[in-house]
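The structure appears right after this line, and notes come after that.
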Amino acid sequence: MGKKILNQNKEFDGIFNYLKSKGNISDELNITSSTILRNDQRFSPLNALEYDSNNYFMTENIAGSWICFDFKKHKVIPTNYTIKSYQRTNDQHPRSWVIEGLNVKTSKWEIIDEKNDCSILNGDGIIHTFQIQNQEENEFKSIKMRLTGPNWTNNNSFLINSFELYGELI
C-alpha cells in the first residue's frame, strides 16, 4: 500500500476509522493501555474507537495512565488528533497529557504534542481536534496518549469516549 493522507475535514473520519473499514481492527492495530478500571472489559481501550457509542475507555486511578495504538502493518506521520470527552458533566476529563510517537528509525518514544491544564475537554461529550505541535515528518510505528497530571476531578483516572488520529498512513 502506498501513502494515504487522512485529515480532519470530517469528524472521526481519520486513520483509525479507515483501518476499521478494512475489516477486523485487531488485524491492523494492537491497542493497549495501563490497567483498565477494575480490569473490566467494559472499559476496554478498544472503546476509544467506537465513535457512535456510549461506551468509553477508563483506567484505574494511577499516575501516568495511558492508551497506545500500535500499527501492525503500517507507519504513520500524524498531523492532528480528535478526542471526545466522556458524556457526563464535571467528570474525570483529561487535563494534562502528551502524545508520543515511537520513532521507526530510532526506536525511541518522542513527545509530538503536549497539553498542560487544557480545559477544552472539561465538559459533557466535548469533541475537539488538536494539531500535533511537533510535525517533523517522522514516521511512527505506535502512538500513545499519556496523562501527565491529574484530571479535572483531581485523580489520575484516564477517561475518554473516543480518540481519532489524522495524517499520513504508510
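Side-chain contact between N156 and L147 is absent, with no heavy atoms from C-beta onward closer than 4.5 Å. At a threshold of 4.5 Å between non-hydrogen side-chain atoms, the residues V104 and N138 do not count as touching. Taking 4.5 Å as the limit, some side-chain heavy atom of I143 sits within range of a side-chain heavy atom of P78. Taking 4.5 Å as the limit, every side-chain heavy atom of E110 sits out of range of all side-chain heavy atoms of E100. Side-chain contact between I127 and L121 is absent, with no heavy-atom pair separated by less than 4.5 Å. When side chains are defined from C-beta on, H93 does not count as touching N151, because their heavy atoms never get closer than 4.5 Å. Between L102 and F71, every side-chain heavy-atom pair lies at or beyond the 4.5 Å cut-off. Annotation: side chain of E60 is not in contact with side chain of I36 (no heavy-atom distance under 4.5 Å).
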Would F12 and D52 count as a side-chain contact (heavy atoms from CB on, under 4.5 Å) here? Give the steps. CA-CA 10 Å; F12 294 111; D52 296 325; over 6 Å; no

Step by step, would you call Y166 with I15 a side-chain contact (heavy atoms from CB on, under 4.5 Å)? CA-CA 6 Å; Y166 309 93; I15 291 172; 5.7 Å; no

Starting from the C-alpha separation in whole Å, work towards a yes-or-no answer on side-chain contact (heavy atoms from CB on, under 4.5 Å) for E139 and K105. CA-CA 8 Å; E139 295 177 1; K105 291 180 182 171; 6.0 Å; no

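Annotation for N55 and N161: closest pair O-ND2, 3.1 Å, computed over non-hydrogen atoms. Listed here is the closest heavy atom pair of I99 and I132: CG2-CD1, 4.4 Å. The two residues N54 and Q87 have their closest heavy-atom pair at OD1-NE2, 3.4 Å. Minimum heavy-atom separation, A48 to I67: CB-CD1, 4.0 Å.
With F163 as reference, F69 is the one residue of Y51, F57, F69, F158 to meet the ring pair (Phe, Tyr, Trp, His ring centres under 6.0 Å) rule. When the options C118, S85, S119 are evaluated for a side-chain contact (heavy atoms from CB on, under 4.5 Å) with W152, the one that passes is S119.
Note on ring orientation: taking the six-membered ring where Trp is involved, the planes of W97 and Y81 are perpendicular (angle over 60°, cut-offs 30° and 60°).
Applying the ring pair (Phe, Tyr, Trp, His ring centres under 6.0 Å) test to pairs two or more places apart or on separate chains, those with a residue in residues 19-44 are F43-Y56.
In this structure, K20 contributes its side chain and L49 its backbone to a donor-acceptor pair below 3.5 Å.
Using modelled atom types and a 3.5 Å distance limit, the side chains of N155 and Q92 yield a donor-acceptor pair.
By the 4.0 Å N-to-carboxylate-O rule, K72 lies too far from D70 to be salt-bridged with it.
Note on W109: it does not cluster hydrophobically with M145, by side-chain heavy-atom contacts below 4.5 Å among ILVMFWY residues.
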